[in-house]
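When reading the values below, keep in mind they use all heavy atoms of this one structure, side chains included, and skip hydrogens, waters and symmetry mates. When a ligand or atom number is given, it counts from 1 through the structure's own listing order.
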Amino acid sequence: MGLFSKKTSGGTASAFQNEKQKADIIINSIDDGVILIDSINVIHVFNPSASTMTGWPANEALGLDYRSIVKFVDDKGTSIEDSQHPFHRVLVSGKALRDNTSVLLQKDRHQLSVDVSVSPLVGEDNKVTGAVAILRNVEEQRKQDKQRADFISTASHEMRTPVAAIEGYLALALNDKVTNIDAKARGYLEKAHSSTQHLGKLFQDLLTSAKAEDGRLTNHPVVVEMGEFVEKLVDDLRFSAEKKGLQLEFLTGAAQNDAAKNIDATKKTIKPLLYTHADPDRVREVITNLFDNAVKYTETGKVSIGITGDNEVVQFRISDTGPGIPKTDLPHLFQKFYRVDNSATRTIGGTGLGLYICRKIVELYNGRIWVESEVEKGSTFYINLPRLDGERARKMQTEEASAQPEIQNAKL
Ligand code: ADP
């Protein structure tokens, strides 16, 4: 008990008793599951909501190792490894953790969607002495989210086909070799054509964001050396920047140290190997999206792409000399359908879904995306993805290579 007791300053025994009673009343009556564990994984508090959610009565759970009571499964229903358990991660890292995608495996093997928040308890010598976990039942909310995502994805999928047909016929109507129309009709059809293209892009983005929300986004992560990957990608992107008269700059490793954010960019090697575990197609999608925005919103000047890293992360940077984004808009930028409402961007078409999709993809790889911007100076978007050290990357690459023939055989 001494492990978790808080020092009380001069209160009487009865006042303390009252305080304890009050705390017990709160813990026992709230709707969220509250679980307290110590540093050797033993459960010390297990409130009634925790019992309801896990299916384990408190008198059975108390005193046991949490790993036999609070179990989580991944999206395929497989139990997650002990090292990935949120309680374990907090005990090891000493950092608080939130997970809004967790699924609890109940005593009777049923599954329950929960949001998990775990905070470490830190002793006087900065040692982690335990952790407090709050579990929130979000079964109903996730079901509704899934229904909404399913509806959006079916509707946008169905609507893409007729929209593509309309776009095709409008393109034919605008083709000199096929039709003969006057200038006025051409003007109207051109407007209809570009609106249809916009609609097609909207349905495509809606479909992608619905897939990202319910975990159906195609995702085949492999070990990728991002330095070389981004260098090649920049070559592909160069044309569209230069077509608009914008300069395109690519900086890697030490050359881009000045622009790197919150990381100890390596000073020793000019070109370090920056390995991550991600689907290259998805990473391409994110960088291309940020780059397309940079080009789209920038009238003159430069777009710059940079890549660097420290021991923990690989950091991508896409900067422009465009109109910048007002401070009040910055916190909302990665939300669905958010578009900055100003004269500079109002005239430029877009769906407001691009950055939302980028965030969803980056989060898929436990990464982080954020922006820094100053109006009239330009914007810089950053992405941090977890970095794999060389040894681990090579080991995983060998495993990937040996798994490859099996996949091919399976296809035959
Ligand atoms: P959109 O399809 O509207 O470009 P995004 O989600 O990609 O949607 O971007 C959301 C909004 O963020 C844009 O509408 C624009 O107002 C702002 N924005 C994004 N990138 C930039 C940039 N590089 N410079 C200025 N504004 C930007």
Handout entry: Y66-H85 aromatic ring centre distance below 6.0 Å
Key = yes
Handout entry: Salt-bridge present (D389, R392; N to O < 4.0 Å)
Key = no
Practice task
Decide, yes or no, whether a salt bridge links K232 with D236 under the criterion of side-chain N to carboxylate O below 4.0 Å.
Solution key: no
Practice task
Heavy-atom distances under 4.0 Å are what count here, so tell me which part of I325 touches ligand 1: side chain, backbone, both or neither.
Solution key: side chain
Handout entry: Atoms in ligand 1 flagged as close to K296, the criterion being non-hydrogen separation under 4.0 Å
Key = 1 (P), 2 (O), 4 (O)
Handout entry: N289, any N or O under 3.5 Å of ligand 1 N or O
Key = no
Practice task
For the pair F87 and F72, name the ring-plane relationship: parallel under 30°, tilted 30 to 60°, perpendicular over 60°.
Solution key: perpendicular
Practice task
Considering only NZ, NE, NH1 and NH2 on the basic side and carboxylate oxygens on the acidic side, decide whether K244 and E299 come within less than 4.0 Å.
Solution key: yes
Problem - T129 side chain to L121 backbone, donor-acceptor under 3.5 Å - result: yes
Handout entry: Salt-bridge criterion met for E60 and K107 (N-O under 4.0 Å)
Key = yes
Exercise for the section: Any atoms of ligand 1 less than 4.0 Å from a non-hydrogen atom of G350? List them with their elements. Expected result: 1 (P), 2 (O), 3 (O)
Practice task
Report, in ascending order of atom number, the atoms of ligand 1 lying under 4.0 Å from any heavy atom of L333.
Solution key: 12 (O)
Handout entry: N/O separation below 3.5 Å, G354 to ligand 1
Key = yes
Practice task
Report the member of I357, L330, N293, D329 with the shortest heavy-atom distance to atom 20 (N) of ligand 1.
Solution key: N293
Handout entry: Atom indices of ligand 1 within 4.0 angstrom of A294 heavy atoms, with elements
Key = 23 (N)
Problem - Basic-acidic side-chain contact under 4.0 Å: R89, D82 - result: no
Exercise for the section: Identify, by atom number and element, the atoms of ligand 1 in contact range of Y338, meaning under 4.0 Å from any of its heavy atoms. Expected result: 10 (C), 11 (C)
Handout entry: Contact atoms of ligand 1, heavy-atom distance to T351 under 4.0 Å
Key = 1 (P), 2 (O), 3 (O)
Fill in the blank from the handout: Taking only non-hydrogen atoms of F381 and a 4.0 Å limit, the atoms of ligand 1 in range are 20 (N), 23 (N)
Exercise for the section: Would you confirm whether the ring centroid of F334 sits within less than 6.0 angstrom of the ring centroid of Y356? Expected result: no
Exercise for the section: Report yes or no: does S68 contribute a side-chain atom to a donor-acceptor pair with the main-chain N or O of L64 at less than 3.5 Å? Expected result: no
Handout entry: G322 touching ligand 1 at heavy-atom level, < 4.0 angstrom
Key = no
Problem - Min N/O separation G352 to ligand 1 under 3.5 Å - result: yes
Completion exercise
Note: ligand 1 atoms sitting under 4.0 Å from heavy atoms of L353 are 6 (O), 8 (O)
Exercise for the section: Would you mind finding which of Y356, Y297, F337, F334 brings a heavy atom closest to atom 21 (C) of ligand 1? Expected result: Y297
